[in-house]
2 protein chains.
Amino acid sequence: MSVIGKRLKEARSRVGLSQERLGILAGIDEMSVSARMSQYERGVHTPGYPLVERFAEVLEVPVEYLYAKDDDTAELLLYFHRLSADNKARVIEMTKNMDLER
Amino acid sequence: MSVIGKRLKEARSRVGLSQERLGILAGIDEMSVSARMSQYERGVHTPGYPLVERFAEVLEVPVEYLYAKDDDTAELLLYFHRLSADNKARVIEMTKNMDLER
DNA sequence: ACCAATACTAAGTAATACTTAGAGGTGGGG
DNA sequence: CCCCACCTCTAAGTATTACTTAGTATTGGT
């Protein structure tokens, strides 16, 4: 399975949407939505970036999450996404300093 | 300009590689590398995920960075990428807790 | 077992990326 | 200024990939 397929399924399951419903909410035409969503999740085809952006909005995850290869990074992105601007700045500062320390 | 185009150029400039050199290091054929790299950076075409992964390796950034729409998230991903496993775990814990607090 | 909802697949058509061949732009040396 | 080397960009044709259609499986509930 592709990275995008894996993350799509993961996020979709969390919010409890069917493939079809997610596709429709993201603006895909009813006639082909079922085939396309299946192809995306199974890695047969890859959705373009604009569509991935719409998936991210519907699923309330940052777009980067849907491309995240590493599980730790994926997890971080989920939490970070929901923080206030202030808290985001704090996390960035802390991470930057940890990086500089060594 | 597309998100990927913008991030590619950003990361490429940081490490001081030409479009062509980056493309070759990522495994693109010499005959077409110049045209393709220009098309990617300008958003004329979009590289597939496997190629983006190779760009990320050459540029020493996480693959998610090259898809990051938001500058704050892009910055975070750069720092986070370079941390030890222990420090990554700390950042995730802290971010998770901040998220739960509100 | 049955039905409804959901997920999946093959094959043809449409759209997108890749290749080719070259043109434009930039900076340094003579 | 002119030339050269290097880098970046572009149009148009070809190759590859995604989308659509028309279904067939699978899953979960009663």
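By convention in this document, chain letters (A, B, ...) are assigned in the order of the sequence lines, proteins followed by strands, and residues within each chain are numbered from 1.
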Contact residues, residues 8-20 of chain A to DNA chain C [heavy atom, < 4.0 Å]: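 Listed by number, they are A/R12, A/S18, A/Q19.
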What's the shortest heavy-atom distance between B/A26 and B/R54, and which atoms?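 Heavy atoms of B/A26 and B/R54 come nearest at O-NE, 2.5 Å.
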Whole Å only: how far is the [atom1] atom of [X] from the [atom2] atom of [N]?
{"X": "A/M1", "N": "C/dA7", "atom1": "CE", "atom2": "C1'", "result": "12 Å"}
{"X": "A/M37", "N": "D/dT20", "atom1": "CE", "atom2": "C1'", "result": "16 Å"}
{"X": "B/H45", "N": "D/dT14", "atom1": "NE2", "atom2": "P", "result": "15 Å"}
{"X": "A/R21", "N": "C/dA5", "atom1": "CZ", "atom2": "P", "result": "14 Å"}
{"X": "A/I4", "N": "D/dA18", "atom1": "CD1", "atom2": "C1'", "result": "13 Å"}
{"X": "A/L22", "N": "C/dA7", "atom1": "CG", "atom2": "P", "result": "10 Å"}
{"X": "A/L51", "N": "D/dC19", "atom1": "CG", "atom2": "P", "result": "7 Å"}
{"X": "B/R42", "N": "C/dA17", "atom1": "CZ", "atom2": "C1'", "result": "17 Å"}

Ignoring hydrogens and geometry, is there a side-chain-to-backbone donor-acceptor pair from [X] to [Y] under 3.5 Å?
{"X": "B/S38", "Y": "B/S34", "value": "no"}
{"X": "B/E64", "Y": "A/K69", "value": "yes"}
{"X": "B/Y49", "Y": "A/Y67", "value": "yes"}

Any [X] side-chain N or O less than 4.0 Å from OP1/OP2 of [N]:
{"X": "A/Y40", "N": "D/dC19", "value": "yes"}
{"X": "B/S38", "N": "D/dT8", "value": "no"}
{"X": "A/R36", "N": "D/dT20", "value": "yes"}
{"X": "A/T46", "N": "D/dA18", "value": "yes"}

Do B/S34 side-chain and D/dC7 base share a donor-acceptor contact under 3.5 Å?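 There is none.
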Determine whether a donor-acceptor pair (one donor, one acceptor, N or O, separation below 3.5 Å) exists between the side chain of B/Q39 and the base of C/dT19.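 Per atom types, the contact qualifies.
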Do A/I28 and A/F55 come close enough that some side-chain heavy atom pair is under 4.5 Å?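 SC-SC contact between A/I28 and A/F55 confirmed.
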Look at the side-chain heavy atoms of Ile, Leu, Val, Met, Phe, Trp and Tyr, link any pair under 4.5 Å apart, and say whether B/V63 and B/L83 land in one connected group.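 Different clusters: B/V63 never reaches B/L83 through Ile, Leu, Val, Met, Phe, Trp or Tyr contacts under 4.5 Å.
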Membership question, hydrophobic clusters at under 4.5 Å side-chain separation (ILVMFWY): are B/V52 and B/V58 in the same one?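 Cluster IDs for B/V58 and B/V52 match.
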Taking the axis from the first five pairs and the axis from the last five, what angle separates them in the helix from C/dA1-D/dT30 to C/dG30-D/dC1, rounded to 10 degrees?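 Terminal axis comparison yields 50°.
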Out of A/D29, A/V44, A/L51, which residue meets the side-chain contact (heavy atoms from CB on, under 4.5 Å) rule with A/R36?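 Exactly one candidate clears the test, A/L51.
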Strictly below 4.0 Å, N to O, side chains only: are A/E10 and A/R7 in salt-bridge contact?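 A salt bridge is present here (some side-chain N lies under 4.0 Å from a carboxylate O).
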